[in-house]
Structures are given as structure tokens and as C-alpha cells.
Amino acid sequence: MKAIWNNKVIAESDDTVVVENNHYFPAESIRKEYFKDSSSHTTCPWKGVASYYTLEVDGQENPDAAWYYPEVSELAKPIKGRVAFWKGVEIVD
């Protein structure tokens, strides 16, 4: 699977975990040069508190377009150490 934004592959892995129709990529599969820490957080009742990354590709920013759970609940163990995408990031096989 590939995550693509602004015509660049920002993550690639053959080991994604799908939860709620989102592909969670292993953290080591992301291209870190395109990711900036964000101060945003949200809470999922069953997964825990999510942290976000802003994507920056070729001078364009996509705020909070990637998220991950630094600490996951027992139910969400399969996505520990993984990153998911939204806000126009295309996931292709």
C-alpha cells in the first residue's frame, strides 16, 4: 500500500492494518522528511488520544493530515506504532 499526497509517496508498506476503513502504516514506513509534529489531539472512546502530523510536500502544507496513537487502549493494540491518513491523502494498492 502507498499513501500519496501532492504527487509524492509519503508512506509505503505491505503491512498495513485496517481499522474503521483506515489503513494504518508502520511508523518506520513513513517518509519522515514530509512530516511535522502538530500540537493537535483528539480522543477516540475506544482507541485513546490521537496525536497528529502536518504534511509538508513541495512547499504545500496539509495540517493534521496524519494521525497516530502514542498510547493505545487494549482494544487498539494492533495499531500501536502505526500512522493513518485523511484530508486528501490517497491510499493505493
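Just so you know, these numbers use all the heavy atoms, side chains as well, and skip hydrogens, waters and symmetry mates.
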Do N62 and T54 pass the side-chain contact (heavy atoms from CB on, under 4.5 Å) test, and can you show the C-alpha distance, the side-chain angles, and the key distance before you say yes or no? CA-CA 6 Å; N62 191 347; T54 291; 5.8 Å; no
I'd like to know if V19 and I30 are part of one continuous hydrophobic network [Ile/Leu/Val/Met/Phe/Trp/Tyr, side-chain heavy atoms within less than 4.5 Å]. no
Taking the side chain as every heavy atom from C-beta outward, state whether H23 and V17 have any pair of such atoms under 4.5 Å apart. no
Under 4.5 Å between any side-chain heavy atoms of I10 and F85, yes or no? yes
State, to 0.1 Å, how close E74 and K77 come at their nearest heavy-atom pair, and which atoms those are. O-CG, 3.2 Å
For the residue pair F35 and Y53, categorise the inter-ring angle as parallel (less than 30°), tilted (30 to 60°) or perpendicular (more than 60°). perpendicular
So, taking the atom named CZ in R82 and the one named OG in S29, what distance separates them when rounded to the nearest 0.5 Å? 8.0 Å
Count the heavy atoms of every other residue, nucleotide or ligand shown that sit under 6.0 Å from CD of E71, and state whether that count exceeds 12. no
When you group the ILVMFWY residues by side-chain heavy-atom contacts below 4.5 Å and let the links chain together, are Y68 and V72 in the same group? no
For K87 and W5: C-alpha separation, side-chain torsions, deciding distance, then whether side-chain contact (heavy atoms from CB on, under 4.5 Å) applies. CA-CA 9 Å; K87 292 189 169 183; W5 186 72; over 6 Å; no
A quick test of your reading: do over 12 heavy atoms of other residues, nucleotides or ligands sit less than 6.0 Å from NZ of K2? no
Within the distance-only criterion (no hydrogens, no angle test), does the side chain of W46 pair as donor or acceptor with the backbone N or O of S73 below 3.5 angstrom? no
Start with the C-alpha gap between N22 and W67, add the side-chain angles, then the distance that decides, and say whether side-chain contact (heavy atoms from CB on, under 4.5 Å) holds. CA-CA 11 Å; N22 294 302; W67 75 91; 3.8 Å; yes
Over all atoms of both residues, closest heavy-atom pair of I91 and A3: CD1-CB, 3.7 Å
In Å, rounded to the nearest 0.5 Å, how long is the span from CZ of F25 to CG of D15? 10.5 Å
Hydrophobic cluster membership, with links at side-chain heavy-atom distances under 4.5 Å among I/L/V/M/F/W/Y: are V83 and V57 in one? yes
Are V89 and V18 connected in a single hydrophobic cluster, I mean Ile/Leu/Val/Met/Phe/Trp/Tyr linked by side-chain heavy atoms less than 4.5 Å apart? no
Report the C-alpha distance between M1 and D14 in whole Å, list the side-chain angles of each, state the deciding distance to 0.1 Å, and finish with yes or no for side-chain contact (heavy atoms from CB on, under 4.5 Å). CA-CA 6 Å; M1 301 301 297; D14 59 4; over 6 Å; no
Considering all heavy atoms, the nearest V9-R31 contact: O-NH1, 2.9 Å
In terms of relative ring orientation, are Y69 and Y24 parallel, tilted or perpendicular, with 30° and 60° separating the classes? tilted
Applying salt bridge (Lys or Arg N to Asp or Glu O under 4.0 Å) as the test, list every pair that has at least one member in residues 51-62; sequence neighbours left out. K8-D58, K36-E56, K36-E61
Test your reading of the model: is there a side-chain donor-acceptor pair from S51 to the backbone of H41, 3.5 Å cut-off? no
